[in-house]
Amino acid sequence: MDLKRTHYIGNLNASLKGQKVIVGGWIEDLRELGKLTFLTLRDVTGVAQIVVVGEQGLKEVKDLNRQSVVRVTGVVQETKARDFPLEIKSEKIEILSRAVHPLPIDPIGRLESNIDNRLNARALDLRNQKTAAIFKIRHHVLQSIRKTLTELGFIEVNTPKIIGSASEGGANLFSLKYFDKQAYLAQSPQLYKEQLTLGLERVFEISSFYRAEKSHTVRHLTEFTSVDIEAGFMDYLDVMQVLETVVANVFEHIEKNCISEQKILGIEVKRPKTPFEKITYTQAIEELGKEGIALSQGDDLQDSHLRKLGEIHPGFYFLMDWPMKLKPFYIHEKEDNSFLSKSFDLQYGYLELSSGGRRLHDPNKIRARLEEQGLNTSQFEDHLKAFDWGMPPHSGWGLGLDRLMSVLTKIDNVREVVLYPRDPERLFP
Ligand code: ATP
Ligand code: MN
């Protein structure tokens, strides 16, 4: 059977009037009106009205369920229908695949299904234009990030996800049997990307990472997509600038390239004002103090504190210069105050989108920090070797792609913007 189509439905236009075309897609609706049958046919680009004339045509489509897949050969003609600019008068309908009813969810979204039912039937859920729009936008986000980082001289890399020892300490690691050995799923590419600055200077990776956390929030998954960069010869302010550019360009790219998707989702994406506000941890503590939340230097910011800060700063802002003791072993201290670190989070209101900073590149300082944090230095000796081979001073960050998507689409739950989300409860489909 020939599967070729001459046109995507979205590419049909008035200049094709009178011309024979072959389109294919999913039947979204089917109405009989006397001797005419009207089909609404959708492919990934758009929707068209198909008119089937006469008894014979009717017989062909009568027992077809919605969401069945057909290929239609016909002639483009003007239409009286308000919802369609054009229609196709069918000459031949070939049934390629029959949908079996009842379907688990209404894929058109006329009947609302709850998120669990939709995720259980995710492939079908993508027939809903709202869901499809999210993932078309996600594709554009990835394209934009790759373009910006490439233009800034970063090289895309792939680091292992199966690792032999805990990269950032033991907590939150999934372990797995690796033949007769014990292995883990990577929580981040941290150690690898740092090592790679030695040979490639500026690297980035976009990949899934894994955290064995029993978090039940709208912003945590056990498998999430992270955008990571690491750059030799850059300090933390430099990589903050890179992050700001990456994020602002994403918004601009979506603003310009995803016009119909924005309409479908009822959102209006705009390039955010730059530069993003920069607030130090110390300032944040003071601001919270004025709001009646008494914190002392060195206290971590809890969810409720971040919510309050998010009320004061509803958009993008950097939260920087965190106390050393709140940061991982590889973070560099501030030269003028060794109690504080060259670190930052990028926030959107209460939501943390990214963490980063300047890294230590002196292996002895790293060993001291590992000990201070009660980590086993011998587990890191493989990694530390590279620091004797000419390790440039470097900085980097990790940006949660799913959280960025959620900010961009104004959809709170990251499960909505991930195709097959994994959380402590969900392992299927
Ligand atoms: P949080 O405090 O929100 O749990 P984190 O500080 O533990 O995040 P980092 O280790 O700093 O996370 O990871 C960098 C970024 O990766 C985060 O800012 C976030 O955007 C994203 N991220 C981390 N963990 C998750 C997760 N479990 N689910 C989704 N995104 C995550
Ligand atoms: Mn963080």
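Counting starts at 1 for both ligands and their atoms, following the listed order.
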* Can Lys385 and Asp388 be counted as an ion pair, charged N to O under 4.0 angstrom? -> no
* Asked: Would you call Lys327 and Asp345 a salt bridge, using N to O less than 4.0 angstrom?
  -> yes
* To do: Return yes when atom CD of Glu112 has more than 12 non-hydrogen atoms of other residues, nucleotides or ligands closer than 6.0 Å, and no otherwise.
  => no
Under 3.5 Å, is there a donor-acceptor pair between the side chain of [X] and the main chain of [Y]?
X: Arg211; Y: Gln187; result: yes
X: Arg403; Y: Glu352; result: yes
X: Arg118; Y: Ile105; result: no
X: Arg359; Y: Gly396; result: yes

* Asked: Considering the options Met240, Arg358, Lys342, which one meets the side-chain contact (heavy atoms from CB on, under 4.5 Å) requirement together with Ser395?
  -> Arg358
* To do: Find the distance between CG (Asp412) and CG (Leu351) and round it off to the nearest 0.5 Å.
  => 9.0 Å
Backbone, side chain, both or neither: what part of [X] comes under 4.0 angstrom of ligand 1, heavy atoms only?
X: Asp345; answer: neither
X: His220; answer: both
X: Glu213; answer: side chain

When only distance counts, is [X] in polar contact with ligand 1, meaning an N/O pair under 3.5 Å?
X: Asp402; result: no
X: Leu399; result: no
X: Gly398; result: no
X: Phe224; result: no
X: Ser226; result: no

What protein heavy atom sits nearest [atom], and how far away is it?
atom: atom 19 (C) of ligand 1; answer: Arg403 NH1, 3.5 Å
atom: atom 11 (O) of ligand 1; answer: Ser355 OG, 3.0 Å
atom: atom 6 (O) of ligand 1; answer: Glu352 OE2, 3.1 Å
atom: atom 28 (N) of ligand 1; answer: Leu221 N, 2.9 Å
atom: atom 20 (O) of ligand 1; answer: Leu353 O, 2.9 Å
atom: atom 12 (O) of ligand 1; answer: Arg211 NH1, 3.4 Å

* Metal site the Mn ion (ligand 2): N/O/S of Glu352 inside 2.8 Å -> yes
* Give a yes or no on whether Ser354 keeps an N, O or S atom under 2.8 Å from the Mn ion (ligand 2). => no
* Structure fact -> ligand 1 to Ser354, heavy atom cutoff 4.0 Å, flagged ligand atoms 18 (O)
* To do: Within a distance under 4.0 Å of any heavy atom of Arg219, pick out the atoms of ligand 1 and give their elements.
  => 28 (N), 29 (C), 30 (N)
* Heavy atom of Gln187, distance to ligand 1 below 4.0 Å -> no
* Structure fact -> Between Trp322 and the options Phe339, Phe344, Tyr281, the ring pair (Phe, Tyr, Trp, His ring centres under 6.0 Å) test singles out Tyr281
* If you take all heavy atoms of Ile9 and Thr45, which pair is closest and at what distance? -> N-OG1, 3.4 Å
* Please name the pair of heavy atoms, one in Phe428 and one in Asn120, separated by the smallest distance, quoted to 0.1 Å. => O-OD1, 4.5 Å
